[in-house]
Amino acid sequence: MADTVYVLNGPNLNLLGMREPEIYGSDTLDDIAGMLEDRARPLGLTVDMRQSNHEGHLVDWLHEAQANDARAVLLNAGAFTHTSIALHDAIKAIRTPVIEVHLSNPHTRDAFRHRSYVGQAARGTIAGFGALSYVLALEAAARL
Ligand code: DQA
């Protein structure tokens with residue numbers, strides 16, 4: 001499954017499209033999945049898109065990505081980005097490259113969003129481009 005890219009989404013991202021659209025845009029997670037599939041096809045990649053509001057699910061899926069020999073993980077951990085040492089450790093624990101993704105640019109927002117436990121373990125970060133952040137992260141994954 002080295003051609004599979006896991007795209008893991010954390011809490012509240014199931015509400016994308018109606019959640020604070022002035023910050024996160026009007027695309028739903030399904031819209032983003034469609035954009036990623038369209039871009040993945042010519043790159044010879046398959047996208048496995050998931051969302052959970054539960055931290056442990058995200059940890060389990062990071063482990064699974066390595067067990068299934070995924071090419072990379074795109075991880076938008078939502079608010080867990082700023083709180084989760086468990087996600088930090090899980091990213092460190094696997095060899096699969098993890099790319100941190102955000103729709104908004106957390107550095108231009110509340111101070112509590114300025115620290116990223118995910119970003120301190122990830123290969124790199126793409127943030128601030130709305131749904132395009134995911135597509136840019138997929139392009140990066142294809143070149144790893
Ligand atoms: C987010 C940024 C986080 O600070 C926030 O908690 C989210 C979404 C983003 O994609 O911009 O839930 O990860």
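Each ligand, and each atom within it, is numbered from 1 in the order the structure gives. Treat the numbers as computed from the prediction; the structure is a model and nothing was measured.
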Option with minimal heavy-atom separation from atom 10 (O) of ligand 1, where the choices are Leu103, Ile23, Thr83, Thr81: Leu103
Enumerated ligand 1 atoms positioned under 4.0 Å from heavy atoms of Ala79: 6 (O), 12 (O)
Salt bridge (charged side-chain N to carboxylate O under 4.0 Å, His left out) assessment of Asp89 paired with Lys92: CA-CA 5 Å; Asp89 285 350; Lys92 291 269 200 181; over 6 Å; no
Atoms of ligand 1, numbered as shown, that sit under 4.0 Å from any heavy atom of His82: 3 (C), 4 (O)
Within-4.5 Å side-chain heavy-atom neighbours: Gln51 and His57: no
Contact (N/O only, under 3.5 Å) between Val101 and ligand 1: no
Identity of the nearest option to atom 11 (O) of ligand 1, non-hydrogen atoms only, from Ala77, Ser104, Gly78: Ser104
Test item: His114 side-chain N/O and His107 main-chain N/O as donor-acceptor pair under 3.5 Å: yes
Close approach of Arg19 to ligand 1, heavy atoms, under 4.0 angstrom: yes
Best match, His102, Arg113, Glu20: closest heavy atom to atom 1 (C) of ligand 1: His102
Atom CZ of Arg109: over 12 foreign heavy atoms under 6.0 Å: yes
Short side-chain to backbone donor-acceptor contact, Glu55 and Ser84, under 3.5 Å: no
Side chain to side chain, Arg19 and Leu13, heavy atoms closer than 4.5 Å: yes
Main-chain N/O of Glu139 paired with Arg143 side-chain donor or acceptor, under 3.5 Å: yes
Numbered atoms and elements of ligand 1 in range of Tyr24, under 4.0 angstrom, heavy atoms: 5 (C), 7 (C), 8 (C), 9 (C), 11 (O)
Test item, Asn12 contacting ligand 1 (heavy atom, 4.0 angstrom): no
